[in-house]
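Here the structure comes first, spelled out in structure tokens, and everything after it is commentary.
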Amino acid sequence: MLTRFERDDGGSVVVDWVVLSAAVMGIGVAVAVSMGSGVNSLGHSVGQEIGATDVAPDFSGSDAKAATHYFDLGIGLSPDNRREAWRQARMAAQEGSPKGYNYDPDFKETRYVDAESGMPVYQSNDGKSYSIGGKVVSASDYVPKRNGASFMSAFNDYWGS
């Protein structure tokens, strides 16, 4: 029986596989440990970047809408009532306000359309600047009454054309 045990090499294959599996596991643990802090740091950086990203629409370029876009929306909603169509257009312009700006949602002040660009002139919530087609200008450098027409008069001109 002792000689038979000495000649039997079937157990050595099992030992080989155990050693090979342990080596693969050891390499896997070593890679995870060496990369773990780097991956954690990268994940933290990505999370901070995503958290700091402003997801408000960018009103420079294609997101900015000309006043005629809002006029068309208002007329489409109330084609037979000029006053209601104007009101709908004004509300749509307010909904299209860039972040931090408004188009007088309470209808308390006259709002303007820039004569040069045809874009609504959005006023910052603090009243210190205007946004016109995505470009921000200081309130001290831009006078809407001089540089544009009121939303209502521009709308009426558009309605009549």
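Sequence positions, counted from 1, serve as the residue numbers for this chain.
- Formation of a donor-acceptor pair under 3.5 Å by the S78 side chain with backbone atoms of N81 is not found in this model.
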- Item | Verdict with reasoning, D114 to Y142, per side-chain hydrogen bond (donor to acceptor under 3.5 Å, both in side chains) | CA-CA 10 Å; D114 182 63; Y142 185 88; 2.6 Å; yes
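- Side chains of R111 and N102: a donor on one and an acceptor on the other come within 3.5 Å.
- T68 OG1 to I75 CD1: the interatomic distance, rounded to the nearest 0.5 Å, is 10.0 Å.
- In this structure, CG in L73 is found 8.0 Å from OH in Y70, a value given to the nearest 0.5 Å.
- No single ILVMFWY cluster, assembled from side-chain heavy atoms under 4.5 Å apart, contains both M25 and W17.
- Taken from CE in M91 to CD in Q88, the straight-line distance is 4.0 Å, to the nearest 0.5 Å.
- The side-chain heavy atoms of M152 and R83, taken from C-beta on, include a pair separated by under 4.5 Å.
- With 3.5 Å as the limit, one finds no donor-acceptor pair spanning the side chains of D141 and Y130.
- No more than 12 heavy atoms of other residues, nucleotides or ligands shown are found within 6.0 angstrom of CD on E116.
- Taking OH from Y122 and CD1 from I132, the interatomic distance works out to 11.5 Å, rounded to the nearest 0.5 Å.
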- Message: Walk me through whether Q123 and E109 qualify under side-chain contact (heavy atoms from CB on, under 4.5 Å).
- Response: CA-CA 11 Å; Q123 184 174 19; E109 297 179 23; 3.9 Å; yes
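- With hydrogens and angles disregarded, no donor-acceptor distance shorter than 3.5 Å links the side chain of S129 to the backbone of S138.
- Here Y103 contributes atom OH and Y112 contributes atom OH; the two are 10.0 Å apart, rounded to the nearest 0.5 Å.
- With rounding to the nearest 0.5 Å, the separation of CH2 in W86 from CZ in F155 is 9.5 Å.
- For the residue pair P120 and A66, the shortest heavy atom distance occurs at CD-C, 4.1 Å.
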- Task: List the steps and the verdict of side-chain hydrogen bond (donor to acceptor under 3.5 Å, both in side chains) for S153 and N156.
- Result: CA-CA 5 Å; S153 65; N156 287 334; over 6 Å; no
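- No chain of hydrophobic side-chain contacts below 4.5 Å, direct or via other Ile, Leu, Val, Met, Phe, Trp or Tyr residues, connects V137 to V143.
- Classification of the F71-F151 ring pair by plane angle, with boundaries at 30° and 60°, yields perpendicular.
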